[in-house]
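Scroll down for the structure; my scribbles are underneath it.
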Amino acid sequence: MASNTQPPAKRVRKPAQPKKAIAHDERPVQKQPTAQKPAQGDGFDALLQPFYSGKSLTDPIDTAKDKWNLLPAFLKVKGLVKQHIDSYNFFIDVDLKRIIKANQTILSDIDPRFYIKYTDIRVGWPTRSDEDQADMARHQWKSTVTPNECRLRDTSYSAPILVDVAYWRGVREVRRKGMVIGRIPVMLRSSRCILSNKTDEEMASLGECPLDPGGYFVVNGTEKVILVQEQISKNRVIVEKGTKHGIVQASVICSTHERKSKTYVIMRGDRIYLKHNFLNEDLPIVLVLKALGIHSDHEILLLVAGHDSAYQDTFQINFEECAKLGITTQHEALEYIGVRIQMKSKPTYHDYRRKYVQEAMEALSNVIINHVPVRGLNFRPKALYVAHMARRTIMAYHDSSLVDDRDYYGNKRLELAGQLLSLLFEDLFKKYNHDIKAAVDKVLKKPARTEEFDCLRYLNLQSNHITAGIQRSVATGNWDLRRFKMKRAGVTHVLSRLSFISALGMMTRISSQFEKTRKISGPRALQPSQFGMLCPSDTPEGEACGLVKNLALMTHITTDDEAAPVKKLVFVLGAQDLCTVNGKDIYVNGAYIIFINGTPCALTHQPRQFINSFRRLRRSGRISEFVSISFNGHHNSVHIATDEGRICRPLIIVEKGRSKVTARFLQALRKGKIGFDDFLSRGLVEYLDVNEEDDSNIAMYESNISQNTTHLEIEPFTVLGAVAGLIPYPHHNQSPRNTYQCAMGKQAIGAISSNQYTRIDSILYLMVYPQKPLVKTRAIELIKYDKLPAGQNAIVAVMSYSGYDIEDALVLNKASIDRGFGRCQVFRKYNTILRKWPNGLEERVGDPLRDPNGDVIKKHALLDEHGLASVGESVQSGEVYIMKQTPINPTASNGIGSDWGVGEYKDTPMTYRLPDPSYIDKVMVSCMESEHKIIKVLTRQTRRPEVGDKFSSRHGQKGVVGLIAEQVDMPFTDEGLVPDIIMNPHGFPSRMTVGKMLELVSGKAGVMAGDLQYGTAFGGSKVEDMGDILIKHGFSYGGKDFVTSGITGESLPAYVFFGPIYYQKLKHMVMDKMHSRARGPRATLTRQPMEGRSRDGGLRLGEMERDCLIAYGASQLLLERLMLSSDAHVVDICGTCGMMGYSGYCQTCKKSEGMTKMTIPYAAKLLIQELLSMNVVARVGLEDEFPVGEGV
Amino acid sequence: MDYGPMDVDEVGPRVVIRESFPDRADFVLENVDLAFANSLRRTMLAEVPTMAIDLVEVDENTSVLADEFIAHRLGLIPLNSKQIEDVLYTRDCDCDQYCENCSVTLTMHAKCTGDEIMKVYARDLVVAEPRPNEWVGNPVITDEAGLGSVICKLRKGQEVRMKCVAKKGIAKEHAKWAPTSAIGFEYDPNNKLRHLDYWYEIDPIAEWPVDEKNASWESEGGVQQSGEPFDYNAVPSRFFFDLESIGNLEPDAVVQQGIKVMQQKLAAVLQELAGDENRNGDAGGDGFGGQEPDGMQGGEYGVDQGYTTPYVNPGATSQWGGGATPYGATPYGQSGWNQ
C-alpha cells in the first residue's frame, strides 16, 4: 500500500520517452477542464462527466464508439432505481385518483339521503406524525422532517393522505378539503420526498448522501425496500400441454380492480370445456359460446376453427355434446349454466332469488373472463375471447410447438412498489369505507339524536387503520389482502447497507413468486429473452439461484398506459372492429387479428403496414413510448400492449441500413443541448419490450447493420447489471466467477454513503482507506462506485510462498497492514427504549453506583453524570454503558395494596457483552413517535487484518489470510518494490479468471502511465496497448517481473506475475467468529451446553462425527463427549421395578432395597419422565456386570 | 560524485557510490557474499531505529475521523531521526512512562473557524523542548510549500487537540519506524550466474530488457556478452543497491546505521556463543576479523572503540530472517555500544 508500492523516482530501466497518446478504445481520464454543462445540480452532472473526459468538445465524434454517451443520459432520466420512484410517483399521482374514483361514494342502508363522496385525493409532503396538517396550512409552514431524522429517531418517513369530501349533513351538502384519512410512507427521492430535485449541497444540508439511490422507505427507523416481484402476466392467454392424457389447456388470469379469477379452456381427450372455480362442473365449450350469444353452430365452428379443415374435424365432436344435452338456444344454455353456478350461501336479506338465467348472465359478464367488459349485454367480445382460447387450444393440440413458454420474459410482468402499495391501499381504503358505513349506519339506525349528525368524526376516527395497515405491511413485508386473494410474505426487505453496492444491488433485485423448493429448472434457467433486460451474472447461488434476478443497466419497467386512446387509434389506422366481423372472415388467409393487452379487438389485412404506421406514430410521440406492438406469425396476429410491469429497454432505431443516431445528435448531447428524452421524441431511440424485441432485428455493433436491421444496441455492456458492472474484463472470465463476484461484491467493506458517519445502523462496516479501482469500467463510473469504493489496489505477486498460501490463502505484507491496508472500522448499535406506563411511571437512567469510598465501581467506570457512557471511552466486556432503571412494579396503581412503593426502581443496566473491546462512538438520546424515549449507543472498533480475515479480488477469487509476513521476508523486484499480497498461482488454472490477469496487466500499465485504465465488458483497454506501455517503461509486456527473495537475497529462478489488483475486504472476519469453550452455560431444559458463540456455547460433536467414532471403536471417547462432558446426571434406579426414585428410595415400590445409582444423560432422564407423563412406562432393566459366583 | 574504487585489499568489501541525493543513494557493494549483502538490506529495511509518534493523548477531537484513525495517521508521519543514538528506547529508560530522554512530545492543536474547509498538516505539529537533540522529532517536510503530509480536514467549528509522543523504534515492530521506502537490490544484471531461468517466447535477449546501468557497470561497456562460457562455480559478489530514504534519516546514515545494527546483532550472537568468556570477535581465530568497509567508514562508529567487525562466519547470517530475535530481546541498548 501507499508508500512502499511507489517505485523510487526515476528508476526506469530505459530512459523515459515522451508520452504519446495511446490509441485504445477508451481514453483514460485526464485532468482537463471538461465541458461546460448547464448547471443542473441534480447530482448527475458528475455522472455525465466521464464521457467528456479526455476529449474536448471539438473532438471528432465516432458514432460507433461514442453512442454509449446515451447511457448516462438514459440513467439520468430512467433506469436502475428510477423505476421504483416512477412507479411510486405513478401510484401517488394517478393510481390513487383511480382508486378514489372507483370507490367514490359511501351510502347508508338506513338513510337514503345520506352520502359521503370523495372528490379528490392527494398525498401531502412528509411530516412528523404529531405535526398538525391543518395548523401547517393555516400558518404556512412546512415540516422540516428529513429521512435521516426518521432513521435516527426510529420514526417513519411518511406523509398524510389528504382527501376532499362532500357529505350530507342535516339538510345540505357540506364540502371539506384536505381531510387526512391516513398516512403513507414516502419513498425517498420520489416526487413527494423532500429530497426530490435537490442539489448535492442541499442534500448534504439535509443530512442525506447525494449518491444514495433512494427508492426505499423509512419505516420505524429501518430502511425498507419493496422488491420487484416477477409474475406471469395477467389478462393474457397461456396455452400449455399436460405431460400425460393429452390435456391441452388455455388459461387466463383475469385481474381487474373488482375481482381476480382464473378461467381455463381445457381440452380433455378430444373435447373442449370451460373451467372456472365459480362453476360446479366444466362446461362444454359450444354451450358456453351459445350462452354468449352465438346461436349458429356454423358461426361457432368458424370462430373457433376457421377454415382449416383439420381444426374443424377436431372441433366437430364438441357440437355433439351440446346437442346431446338438447341445448340449442342462448336461453337454454344460460339456464344450464345457471344451475351449475356455485351459490354463495349468503342469502340476501331481500330474500329474493334471481332466476338461473339471470344468475348465469351475471356470472358470464362479471366473473368469467372478467377483464373483458360486457357493455349493454353485448357478449360478442367475450364470445370472441372464449372462441380464441378454444382455437389456441386446438392449435396447440395439433402442433405442440404452439404452446406458450411460461418462462419467456414477454409473458412475465414485474410488479413494483407502486402497484403493490396501490393494492394495499385499495384494500385498506375499502375497509375504511366499510367501517365508516357501519359506524354511520349504527348511528342513523337510532331514531332520535340529540345533535345534528355529522359524519366527519367517523372519517377521522378510522384513519388510523390505513396508517397502521400500510405501515405494518411495509414493515413486516406481509401483503395479506383477502380481497385480491393475495397472501405474500417477504415482499419488503431491510435495505442492506453492508456496502454501497449491496444497497444498489438490492434496489435492482427481482424476486419471483415460484416456490424455492420446486426442483424444476425452467424458471431458474437463463432465458434468451432476458438478454439486455436482466443481468446474466447477478443471481445468488443455492436455493434462490435463478429465481432472484437483477435488472440490467438499461432496463425500464413500464407503468400503465391508457388503452382506450390506443384502441381508438387502431381503428383510425384502418383496422376493422372485430365485433363487426363475421366469423367467416376472421380466420381467412391474410387476415390478422389485432390484440390490445391480450384481448382481440380488431382485424387488419395489412399487418406490416399497420405495424409500421403504428410505430411511426409512436416514434413521433403521438402514442406513449412504452406502448409496444409486435407481430406474431404463428397466430396471425398483432399484439399491442399498454399494461404495466412490462420490461423494456431503449435501442437506437435503424432505418434503411443506417443508424438514426448520427454524429450531429451526439455532438448536441455532448454539449448538453439535448437529453435522452429528445432522442426519444425525435424518433432516434425507442423502447422495446421483450415481445417487440423478438419482432426486431437488432445489430450489436454498427458494423453488423444490414438492410434488414431495425435497431442498434446502444452499448453491449448494458447486458450486465450494476453489480456485475464492477468486474473488469468480465468477458474474459469463466461465467460462474462473475456470478461469485456478484455475491461477494455485496459483502465488501468500503464506503457506504457520504453520510456514513452520521448514521447509526445496527451494524456498519467501513474501510479506513478505500481506494477507487485502478482498472475501472464504464459501469463503475455510471453507478459512481468510484466515489464510494469498497476495496484497495493491492500490489500482488502471483507466486508460491511459504506453504501458508495453499487453498487460496493469501500472504499479506505486515508493513502494508501497518500502513493501513485492509484496515476497517466496525460500528455496532445498542439501543434501548425508556418505556412509559399510563400511570405515569417510566424507566429512567440512573446514577453510576459507588463503593463505600465514594468511587464509582469498576463496572460503571464509563458512565458520566447522566448514567450514559462517555463518548470516546473504551468499553470492555462486562462494563455498563447505559444505567437503565425500571420501576419495580410498573403497573401498580398508586400504592394501595402493592408491596413496593411506586418510587422504587431496580437496575436493568445495558452491559457490553462482546469479548473484544470497543470505543463509544456516539450516544444519541431522542424520542420516538410513541413518546417513549430512545437511547442509541454506537460503538466502534478499528480492526487491522489478521490471519483468517477474508479477502477477494473482483473475479470471484476469495481467500483468507494465511500468513502475515515481514516486509523484509517478502520477495521484491530490483526496484525494491514489495508486494502487499502474495497469491498462490494454483488459483488460476481451474478458475480460468483471465480477467484477473488482464486487470493486473492493465493496472500495472495504468500505474506506469499515471492514469486509470478501463476493463469495461466487451471493450476496455486492449492488452496489446497495455503491453506497449509496459515495455515503454522498461517492464515485460506480460506483466511479469524479475524478483529477488527477501529471505536469501537470491533471485528467484522464474519471473513472477506482479502488479496491482483491486482487492476487497469481505465482512467475514475471524474476530467475529473465533470461539472456544472449556466450560460454560447450559440450556435449562436439557442441561446440555448451549449452542452458538453468542451464548458461549459448546462445540457440537455431531452425528457424522459420532459415526466416525463409532466406526473407529472409540467407545470411551464417545461416552466422554456425549455424556460426561455434556449432561451427565446421576439417578437412582430401582432394581425391582426399573423406575427412577430418589435418595435411594423407590417411590413406586416404597422401599430402598435394590436401589442403584447410575449415570445417564439428563436428556435420557427427561425422556423417560416425559414418556411417563404420557402414561408410557419406560423401565430400566438392571443387570449385574460381574455376577456373584462367577469367579474373580 | 563518482567515488572511485577505494584502495583497499582485494579480499575486503568494497563500496562504490554511484549516485547520491538527499533522499537517495545508489551504490555498489563488492567483495562480499550474497548473504551479507542481503543481511545489510534487511537490516536497513527493518532494524534501523528511527522516531515515530507512538502514543497519542486525545484532548479534543470533533473532526469526522475517529481518534484511532487520526492516531494512525500521526504515527505514519516521518519524523527527523538524526543522531537517534541520543534517544533511548523507552523500555531501556528508567522513567515511568516516557520522558525527554526517550521521547519527543509533539502537540497538535487546530480549530477551524472560517467557512472554508481547513487542512491540518504535519507542519502544525509543535515539537516540545527539551528533547534529546535539536533534530530529533521534527516532522519531515519536503514539499515546496512546506506543509508536510495532511493529517485531517476540519470543518467550521471542528477542533483537534492532541498530544503526540514520539518514541524510538524499528520497522520490524511497526512500519512507521521504517527509514526507507524501498531498497533496490540486484546482483547479476546479465544473468551470468543463471540464477534466473528466462521465460521467453522467441528470444530472451530481445524480450527481456536488462537494467542497462547495472549491466554495463558489470561488464564494462558491453551490455551482454554472449558466447561467454558459463562459469558454474561463480558466486555473486557485486551488489547494486538503490536506497531511498523516507526523509527521517539521510541515506548514508541509513546505511551506516544498518551496518552498526548488524554488527551489534552479530556481536550479540558471538557473545552468546562464547558464553561467559566474553571474547572479542577476532578471537574466533579465522581470517575474517577486522575487516571494515573503509569506504563507508564514518569515523564515528565501531572503530573508535577498537571493535572489529564480528564478521565471523558468513554462513551464520543466512538463518531465517533473523526473526529468532524477539523485539524486546535485542541487545541494542547495551551500554558501551551507543556512545
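Computed from a prediction, not measured in an experiment: that's the story for all the values here. Just so it is clear: chains get the letters A, B, ... in the order the sequence lines come, proteins before strands, and each one is counted from 1.
Ring-plane geometry between A/F972 and B/F185 is classed as perpendicular, the angle between the planes exceeding 60 degrees on a 0 to 90 degree scale with a lower cut at 30.
Contact tally against chain B (heavy-atom pairs below 4.5 Å) for A/P1053, A/S1036, A/G1038: the top residue is A/P1053. Chain B forms the most heavy-atom pairs under 4.5 Å with one residue out of A/T1044, A/I817, A/T1048, and that residue is A/T1048.
Of all heavy-atom pairs spanning B/R41 and A/V968, the tightest one is NH2-O, 3.2 Å. In terms of heavy atoms, B/A182 sits closest to A/G976 at CB-O, 3.7 Å.
In this structure, CZ in A/R819 is found 8.0 Å from CG in B/L76, a value given to the nearest 0.5 Å. Atoms CG and CZ, on A/D974 and B/F240 in that order, are 11.5 Å from each other to the nearest 0.5 Å. To the nearest 0.5 Å, atom NZ of residue B/K172 and atom CD of residue A/Q967 are 12.5 Å apart. Once rounded to the nearest 0.5 Å, the distance linking CD of B/E68 with CZ of A/R944 reads 13.5 Å. The CG atom of B/L34 lies 9.0 Å from the OG atom of A/S1045; values are rounded to the nearest 0.5 Å. For the atom pair OH (A/Y1055) and CG (B/L196), the distance works out to 4.5 Å, reported to the nearest 0.5 Å.
Within the 4.5 angstrom heavy-atom criterion, only side-chain atoms of B/H72, from C-beta onward, approach chain A. With a threshold of 4.5 angstrom between heavy atoms, B/Y187 approaches chain A through side-chain atoms but not through N, CA, C or O. For B/A37, no part sits under 4.5 Å from any heavy atom of chain A, backbone or side chain. When heavy atoms are compared at a cutoff of 4.5 Å, A/S1051 approaches chain B by way of both its backbone and its side chain.
Residues A/V768 and B/F69 form a side-chain contact, since some pair of their non-hydrogen atoms from C-beta on lies under 4.5 Å apart.
Other residues, nucleotides and ligands place more than 12 heavy atoms under 6.0 Å from the CZ atom of A/F988. Within 6.0 Å of atom CZ in A/F1057, more than 12 heavy atoms from other residues, nucleotides or ligands are found, so the atom counts as buried in its surroundings.
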